[in-house]
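Contents: one structure, followed by commentary.
For the numbers below, each heavy atom of this structure counts, side chains included, while hydrogens, waters and symmetry mates do not. So that the names make sense, note that chain A is the first sequence line, chain B the second, and so on, each numbered from 1.
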Amino acid sequence: MSVVLNFKSHISELFSLALRQVAPDHADVAILIERPKLASHGDYACNLAMQLAKPLRKSPREIAQALIAALPKSDVIGKIEIAGAGFINLVLTEAAKQQIVHAVLHAGAGYGHIHLGMGRKLQVEFVSANPTGPLHVGHGRGAAVGDCLCNVLHAAGWNVTREFYYNDAGVQIDNLMRSVQLRCKGITPQDSSWPEDGYRGDYIADVARAYMDRETVEADDQHFTGEGDPDDEGAIRRFAVAYLRREQDLDLRAFNVEFDVFSLESQLYRDGHVENVVQQLIASGHTYEQDNALWLRTTDFGDDKDRVMKKSDGGYTYFVPDVAYHLEKWKRGFVRVINEQGADHHSTITRVRAGLQALNVGIPKGWPEYVLHQMVTVLKNGEEVKISKRAGSYVTLRDLIDEVGCDATRYFLAARHPDSQLIFDIDLAKSKSNDNPVYYIQYAHARISTVLEIWGGERLSLINADVSLLNGEYEIALLQHLIDYPQVIENAAMDLAPHHVAFYLKELAAAFHSYYNASRFLVDDEATKCARLALIAAAAQVMKNGLALLGISAPEKM
RNA sequence: GUCCCCGUAGUUAAAUGGAUAUAACCGCCCCCUCCUAAGGGGCAAUUACAGGUUCGAUUCCUGUCGAGGACACCA
């Protein structure tokens, strides 16, 4: 039997050939193969006949007959039926399903990797918090979603660059510098002279103390030694930025997130990219001067009003360096750029794209792409914990990781659709109970590890198992879940929705737990034992692969 | 007021335009002489409202209502 790794695309090809024969004039109709919800509708279903009914002016069932007759023979298909309004339902042979065990054990960590991206360059920019304080839960959601997305896109065959962009020179940084400087001079937020928009958190005092003690801080992308001079504003600014960048690096490391590239806004100015972009925009004819300011006519590109580029005080508004930054990304050769941000920044999308369009350098209209996550509220003891950076009342990402653990925190932040608002219930995430899907999934993996350990044989030898013995109800169900995995990667990559992986893993774990409860693996019959162990070893492999995409550990014991 | 996003069992959430909308939690009833009960098996319950497009709509379009967010020459 030929080995088929992706049944869906295999079947899709068969229908494509049949379509060309039955309706050559409509060969461009998109062929949709789906997994029916009901087992009685087979393993895969095709709705092609219904799509063709209108253009061909024939009944769907009649067309279905013709398509089935024209379908090339395939030894993976066991049964074909016409059902309902004109669905063509296909059932795979047991042998076709069983061979997935060999495929998974052969491919190992590589099982599920597909060639969607074909090695093309893609960048995901995420977190991108300014160095004005520790990371909070909102950044955590960005980190979890962004990092999982990167993992998924990598598995889908893209050459992924993880990037973190931050502003190290703007108004907020001045604010930070002033707050630290005041602390250096012994002034606290309780004093009446403390500025309204100053940062009030205790961590500002830590920065000030470290600066005065002439500490050296090393962040992933920079390091600096404190001067200890409370009047040297430049030194305070650089020290504070380096200090808080280091804090964020520690947060991210505790969260298992690493970046390939850090980009600084100040660098865009230093390299002249901002000035160049302004000149190019002026040359494009999409700008005008009014009220002592320079405006970009973003309404030419779908914005609801024009935006100021250069303020009357001579400074640029934030979106100008943003446009310059994205022009640089484009020049760096990224076929796709995906920005993962909080939904509160959604207004930047139109402006950045408008600026890039105005440059008229061949950048596609929908470039860059955006994944926006909605707000996170934190619940503890049934009460909402308010987040306010300036007031200093705060749930930091590190607090969460310390209290809940990295695995559960990542799971809860990444397992929901980014579009929906998220309530992070600390007590639920901490609970080691049925309510907690993280443990449910990890437990399945640990259970398999235990069985294989008791068996004591060499896992690789299971590749020789006689998988034709795997024909029980629970075994077939588990096989089907293993078959589905590459499709999950594809869907998650296409939708930019890593939560699909989390849901899939819950279902895979459920299929395993049911099997576990219904049967024994370490039976006397050698062939049966090996077949079953091969199946659960393959299941463990897929769990491990999927958990790795979420950045969650796959424990051997719990 | 304009823009973005959301509205699905009592609760928290799934569902590439497909067939009888899927899980978990809560509640009730069962299952450890067993490779981990952090498990399994059952019962009950859902698409905010009104139109439209479609052979077919939770999904797409329009409107209404409701929750959240964004609307600076802030980032």
Side-chain angles (χ1 to χ4, degrees), chain A residues 32-38 40-41 45 47 50-51 53-54 59-60 83-87 89 128 130 132 166-167 170-173 175 197 265 290-295 303-305 307-319 321-322 342-350 372-375 377 415-423 425 428 431-444 446-455 487 490-491 494-495 497 499-500 502-504 506-507 509-510 512-523 532-533 536 557-558:
Chain A
L32 196 69
I33 306 295
E34 58 186 3
R35 296 279 337 270
K37 289 169 187 159
L38 261 65
S40 61
H41 293 149
N47 65 356
M50 287 181 284
Q51 288 180 284
K54 200 163 204 179
S59 84
F87 291 100
N89 294 338
S128 291
N130 283 341
T132 53
Y166 65 93
N167 175 356
V171 175
Q172 295 306 326
I173 300 294
N175 229 332
D197 52 358
E265 186 182 12
Q290 186 183 309
D291 303 331
N292 257 337
L294 181 66
W295 297 68
D303 204 351
D304 53 358
K305 59 181 178 183
R307 306 291 170 175
V308 169
M309 290 170 58
K310 193 173 189 175
K311 299 183 277 187
S312 49
D313 69 7
Y316 293 116
T317 56
Y318 75 92
F319 94 91
D322 246 15
D344 52 340
H345 290 80
H346 83 264
S347 55
T348 67
I349 298 176
T350 319
L372 301 180
H373 64 259
Q374 297 290 320
M375 302 288 98
T377 42
R416 246 169 229 20
H417 192 115
D419 274 348
S420 57
Q421 291 169 38
L422 168 60
I423 297 169
D425 186 332
L428 173 68
S431 75
K432 304 203 167 184
S433 72
N434 281 351
D435 328 359
N436 200 330
V438 186
Y439 296 105
Y440 184 79
I441 298 166
Q442 290 181 321
Y443 184 45
R447 271 182 150 177
I448 296 174
S449 298
T450 303
V451 174
L452 290 173
E453 195 185 310
I454 292 171
W455 168 59
Q487 194 59 49
E490 182 176 331
N491 291 344
M494 297 284 282
D495 295 352
H499 72 284
H500 286 315
F503 277 90
Y504 167 79
K506 261 201 293 190
E507 286 168 18
F512 166 74
H513 283 309
S514 293
Y515 180 37
Y516 181 96
N517 235 264
S519 44
R520 294 189 61 78
F521 310 113
L522 299 172
V523 293
R532 290 177 181 174
L533 291 175
I536 62 172
K557 275 201 167 36
M558 285 174 76

For the side chain of A/Asn89 and the base of B/A19, is some donor closer than 3.5 Å to an acceptor across the two? yes
Kindly confirm whether the side-chain ring of A/Phe87 is stacked on the base of B/G18, judged by centres under 5.5 Å and planes under 30°. no
By the rule that syn is within 90° of 0, classify the base conformation of B/C60 as syn or anti. anti
Are any of A/Ser420's side-chain N or O atoms less than 4.0 Å away from OP1 or OP2 of B/G68? no
Assign A/Leu32 to base, sugar-phosphate, or nothing according to its heavy-atom contacts below 4.0 angstrom with the strands shown. base
Any chance you could measure A/Asp425, atom CG, to A/Thr377, atom OG1, to the nearest 0.5 Å? 10.0 Å
Closest to the side chain of A/Ala45, out of B/A19, B/A15, B/C6, is B/A19
Spatial distance of atom NE2 (A/His345) from atom OH (A/Tyr318) [nearest 0.5 Å]: 8.0 Å
Toward the 5' end of RNA chain B, by each residue's nearest nucleotide, A/Glu507 or A/Leu522: A/Glu507
Once you apply a heavy-atom cut-off of 4.0 Å, does A/Tyr516 come out as touching a base, just sugar-phosphate, or nothing? base
What is the nucleic acid contact for A/Ser514, judged by heavy atoms within less than 4.0 Å: base, sugar-phosphate only, or nothing? sugar-phosphate
When rounded to the nearest Å, what value does the distance between C1' atoms of B/U54 and B/U59 take? 13 Å
A/Asp419 atom CG is separated from B/A13 atom P, nearest whole Å, by 13 Å
Taking 4.0 Å as the cut-off, does a side-chain nitrogen or oxygen of A/Tyr316 come that near to OP1 or OP2 on B/C74? no
Examine B/A13: is either OP1 or OP2 under 4.0 Å from a nitrogen or oxygen in the side chain of A/Arg416? Give yes or no. yes
Calculate, to the nearest 0.5 Å, the distance between atoms CH2 and CE belonging to A/Trp295 and A/Met309 respectively. 12.0 Å
With hydrogens left out and only the distance checked, is there a donor-acceptor pair under 3.5 Å joining A/Ser347's side chain and the base of B/C71? no
Counting N and O atoms only, with roles assigned by atom type, does the side chain of A/Asn130 sit under 3.5 Å from a partner on the main chain of A/Asn167, one being a donor and the other an acceptor? yes
As a test of reading the structure: which of B/C34, B/C74, B/A38 is closest to the side chain of A/Arg520, going by heavy atoms? B/C34
Flag the pair A/Phe521 / A/Tyr515 as yes when their ring centroid distance falls below 6.0 Å, and as no otherwise. yes
Nearest-Å distance for atom pair CG/P, residues A/Leu428 and B/A38: 17 Å
What nucleic acid atoms does A/Ser312 come within less than 4.0 Å of, heavy atoms only: base, sugar-phosphate, or nothing? base
Determine the interatomic distance between P on B/A50 and the same-named atom on B/A9; round to the nearest Å. 16 Å
Please report the interatomic distance CG(A/Asp322) to OH(A/Tyr316), rounded to the nearest 0.5 Å. 15.0 Å
Remember a base hit wins even if backbone is also touched, and classify A/Ser449 as base, sugar-phosphate or nothing at under 4.0 Å, heavy atoms. nothing
Stacking between A/His417 and the base of B/A14 (centre distance under 5.5 Å, interplanar angle under 30°)? no
Give a yes or no on whether a salt bridge exists between A/Asp304 and A/Arg307, defined as a side-chain N under 4.0 angstrom from a carboxylate O. yes
Taking the P atom of each, how far is B/A24 from B/U20, in whole Å? 22 Å
For the C1' atoms, the ones on B/A45 and on B/U11, what distance do you get once it is rounded to whole angstrom? 12 Å
Please classify the nucleic acid contact of A/His513 as base, sugar-phosphate, or nothing, using heavy-atom distances under 4.0 Å. sugar-phosphate
Is there a side-chain contact between A/His499 and the phosphate of B/A15, meaning an N or O under 4.0 Å from OP1 or OP2? yes
Heavy atoms only, 4.0 Å cut-off, all strands: where does A/Ile33 land among base, sugar-phosphate and nothing? base
Rounded to the nearest Å, what distance is computed from the CD atom of residue A/Gln374 to the P atom of nucleotide B/A70? 11 Å
With heavy atoms under 4.0 Å as the rule, sort A/Ile454 into base, sugar-phosphate or nothing. sugar-phosphate
Base partner of B/U59, which must satisfy Watson-Crick or wobble distances under 3.5 Å: none
Touch class at under 4.0 angstrom, heavy-atom based, for A/Ala444 against every strand present: nothing
Could you give the NZ-to-P distance, from A/Lys506 to B/A15, as a whole number of Å? 11 Å
What contact category does A/Phe521 fall into here, base, sugar-phosphate, or nothing, at under 4.0 angstrom with non-hydrogen atoms? base
At 4.0 Å (heavy atoms only), tell me whether A/Asp425 reaches a base, stays on the sugar-phosphate, or touches nothing. nothing
Short N/O separations, protein against nucleotides 55-60 of chain B, under 3.5 angstrom:
residue	atom	partner	partner atom	Å
B/C55	OP1	A/Lys54	NZ	2.6

If B/A9 has a Watson-Crick or G-U wobble mate with both distances under 3.5 Å, name it; if not, just say none. none
Counting any heavy atom closer than 4.0 Å, what does A/Ala53 reach on the DNA or RNA strands: base, sugar-phosphate only, or nothing? nothing
